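In what follows, a structure is listed as structure tokens, so that the remarks can point back to it.
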Amino acid sequence: MGRYALQRLLGVIPLLFIVSVLVFLFIHLIPGDPARLIAGKDATLEEIHGIQEQLGLNLPLWKQYINYMGDLLSGNLGNSIRSGIPVTDMLESRIMPTLWLTFLSMAWALVIGLLIGVISAVYRNKWPDHLGTLTAISGMSIPGFWLGLVLIQIFSVELGWFPTGGVDSWKSYILPSITLGMGIMSMLARYSRSSMLETLREDYIRTGRAKGLREYVVISRHALRNSLIQVVTVAGLQFGFLLGGSVMVETVFSIPGLGRLLVDSILFRDYTVIQALLLLFSTQFILINLIVDLLYGVLNPKIRFSQ
Amino acid sequence: MSDNSAVMGTNSPIPGEVIAPEKTKGRAGVFIRKFSKQKMPLLAAFFVILLFLIAIFGPFLTPYNPDEPNYDALMQGPSGAHWAGTDEYGRDILSRLIDGTRLTLAVSLSSVLIAGVLGTILGLVSGYYGGWLDRIIMRGSDVLFSFPDLLLAIGIVAILGPGLSNVVIAVAVFGTPSFARIIRSVTLSAKETLFVEAARSMGAKNRRIIWRHIFPETVPSIIVNLSMKIGGAILAAASLSFLGMGAKPTEPDWGAMLSMGRDYLSIAPHIVYFPGLAIFLTVLAFNLVGDGLRDALDPKMKN
Amino acid sequence: MTQNLLEVQGLKTEFKRGDGSITAVAGVDFVIKKGEVLGLVGESGCGKSVTSLSIMRLLKDTPGRISGGSVRFEGTDLTKVSDKEMRQIRGNEMAMIFQEPMTSLNPVLKIGLQLMEPIMLHLGYGRKKAREHAIHMLRLVGIPRAEELVDEYPHQLSGGMRQRVMIAMAMSCHPKLLIADEPTTALDVTIQAQILDLMKHLKEEQDMGMLLITHDLGVVAELCDRVVVMYAGRVVEEASVHELFARPQHPYTKGLIQSVPKLRQNVRRLDSIKGNVPDLSQMPAGCKFAPRCDFVMERCLSQEPELLPIEGLERKSRCWFTQQENTEGGERL
């Protein structure tokens, strides 16, 4: 296990490096001079030079990268071009709604997805399976922003059960979580179905039946536990999907989270904020994948006990 | 099937010449039989064909001029005159949906095709040559994979600026790595099969081996993956348009229509309902067709 | 009647394939007496494993189902009992071990728990007592450091050790009948001998009946009292072990015995019998072995012989040629 963990940890380092380089280069990839973009259309040449000086944009690229990384590691992500507020402050105030949203979405998606998948597999090619499969493929095909708007129209506008947006109470999170989790739920349902079907064909399932165990026990104790490892792994790997989706859902439900911040920043060309968010999202994604890998190691005795 | 090819290979002087067409012919027959057995995908396939017909003959089908405002009929609900109602400028929503079909299909198909061509070439090269080339391509796709799909697309649009052509590029970029990976693994296994060995020992050039012997093997996977990706591409493109990073509000893009209708959700929800339904049904149809193709063509990919 | 532990009569199992179905087991009859070891022998694909799964009613998750006949276990027809009653018999009075020890244990559960499952279920023991019993069973099958092993996972064990665990599991509720489907096939030759010794020893100690399914006549000679030879889903010959090896009747059995030296080295192909087992969906009309038989007659091609007792002997054969020979002159045996 120790070696496995170390391997995973070391494997992440080059990935993080490349991502940091790409994100750093982001500002240079935008067509046009970054300093001019930052200064705005009406800026004088002097102002532009001032910004170049201030941001170190006149230095060679590798030096800029080192400065950038130095700032990054000391917790300085620069200031917003638009508002001048330190980017870290902006992120801090925006992070909680997004965390809640993704966490809640994943939680229900995992539980329901797994349930649908297992039922589908157990009743393979019977009506529960057809229903489950159709639900899953519909959930994958539904545009999240549309689902969100339809939910708002029905449950907020017509019925008045939930607020139309914002983050005033726990109620505010219900509709957004349903919206955001739908895609993942469908994917997990499909995945756990096929994983369960595969597991149910294993020899040890037959052994369980040959012992005289009830079908319920065979499925829950022997099959589910094996499938669960794979399903949780896949669920973790889909966190990135949620981060992407949060952009959409936060826009639809006016949630002041990171995703909404990204959209606004892009629309206002607030490049320092975009840069910071891209970095945050991708590191988060990489780290989650790392955690999932490690978790997989903990759940799987073959890895846990290997030296 | 493998028995078949082995036998034919020994009989014909140039194995590939005979095997490739024979194999695809047999496959096509099996495929059509298997695919038409599945009810939902078959139904979905008809829907997709219908969509293409609408895309081609769109201008002849629209009951109204999709771009002409009518200030006497603002935000009217569905009626006999306007089946899907009118939008905030009094434009006929059904006409705009029909008109937008072409745009939706063009954007999604072109981005998926670009991803397919790039990914296939990278996968073939990576799988066939191996070595450092393989490592570079696979590491590259790992890096792309380490960005969430939609965020990658948003990032690309942020760099290139909004607009449909940039949406196509963005969607193509995030679709490429998965193609490359799948084609690479098919290439690896195809490389090991008998007739490639035979072709190589007869002194065939690498490029010829890839094109005549390995590429045909990857075709089912390419088709399946193409069809499975279209739905996602439509969703991604619509999402970007919805966020104001894709189509301009004036264009009859389904995502953009939805985005505009958002402001009138409480008074005229049909402006949001119909474009969303159009996206949903289209994506669903493509996904069902993709599933059906996968089950019929490539049962190994099922999991 | 009471002497028979298991009576299989006209057992028929069909598998759905595409639109039609194929018959994997086509009317199999045999009897296992109390404490007797019956060998079920044949090439792969002859239906012997399906027969055993049908007896245990473990065809769930396969496209197969029992379509006829009866399986009487101590007088009760297992094809008629409810699922619940069947579960009370499985793993309890009737246990089974499988060919693949490497995959027959659940990789994510501790060995102890897997052993304790049937014990707690059938013997009604609590956790502690079940654990002790599990350890006792592991010792019984010759596993050293049984106390530690119960807290380990299957991947830490070798194939031979895992098969011992499987045997311990099957024996834990003192079954009256043990079905062993190729228990040694997947193991190394030296381990095979150890496992066979163990099974022989346990069988004598526990006085249980055993259905041993194998393609290996060496295993049969070592362990069995009586043998049933299967071909293409049918019983073609039945005899005591001595009779069978001394005077095989059916041409197929003769071929099998002639290829014994090769079988000892775990070669599955029967090179001394020409041709292959026929595809179950394309069976010849008459005797199913006719296309490969050296003694084939005209009658064999059109009419299938029945499994008939051979006069004056405790044995049966399904062959026109031997039946004809025997009626013409039994002394030629």
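To find a chain, count down the sequence lines: A is the first, B the second, and so on, and within it residues start at 1. Keep in mind the model is a prediction, meaning the values are calculated, not measured.
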Which is it for A/Met248 and B/Leu235 under the side-chain contact (heavy atoms from CB on, under 4.5 Å) test, yes or no, and what are the steps along the way? CA-CA 12 Å; A/Met248 196 68 58; B/Leu235 277 184; over 6 Å; no

Please assess B/Leu243 against A/Phe145 for the test side-chain contact (heavy atoms from CB on, under 4.5 Å), listing each intermediate value before the final yes or no. CA-CA 9 Å; B/Leu243 291 173; A/Phe145 47 96; over 6 Å; no

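Top candidate by heavy-atom pairs under 4.5 Å with chain B, chosen from A/Thr164, A/Val263, A/Leu243, A/Leu242, is A/Val263. Contacts with chain B were tallied for A/Leu278, A/Val157, A/Val150; A/Val150 has the most, counting heavy-atom pairs under 4.5 Å. When A/Val252, A/Ile18, A/Leu149 are compared by the number of non-hydrogen pairs under 4.5 Å with chain B, A/Leu149 comes out ahead. Counting heavy-atom pairs under 4.5 Å between each of B/Ile279, B/Leu281, B/Leu258 and chain A puts B/Leu258 at the top.
Both the backbone and the side chain of B/Leu288 come within less than 4.5 Å of a heavy atom in chain A. The contact between A/Leu22 and chain B is made entirely by side chain atoms (from C-beta outward), counting heavy-atom distances below 4.5 Å. For A/Leu147, no part sits under 4.5 Å from any heavy atom of chain B, backbone or side chain. Contacts between B/Tyr273 and chain A at a heavy-atom distance below 4.5 Å involve backbone atoms as well as side-chain atoms. Heavy-atom distances place no part of B/Leu152 under 4.5 Å from chain A, backbone and side chain included.
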Indicate every side-chain donor-acceptor pair of residues 155-166 of chain B with a distance under 3.5 Å to a residue at least two apart or in another chain.
unit_1	atom_1	unit_2	atom_2	d
B/Asn166	ND2	B/Leu160	O	3.1
B/Asn166	ND2	B/Gly161	O	2.7

Side-chain donor-acceptor contacts of residues 132-142 of chain A below 3.5 Å, not counting sequence neighbours, with atom names and distances?
unit_1	atom_1	unit_2	atom_2	d
A/Thr133	OG1	A/Asp129	O	2.7
A/Thr133	OG1	A/Asp129	OD1	3.2
A/Thr135	OG1	A/Leu131	O	2.7
A/Ser138	OG	A/Leu134	O	2.8
A/Ser141	OG	A/Ile137	O	2.7
A/Ser141	OG	B/Asn287	ND2	3.0

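Here the closest heavy-atom approach between residue A/Pro143 and residue B/Gly276 is recorded as CG-O, 4.1 Å.
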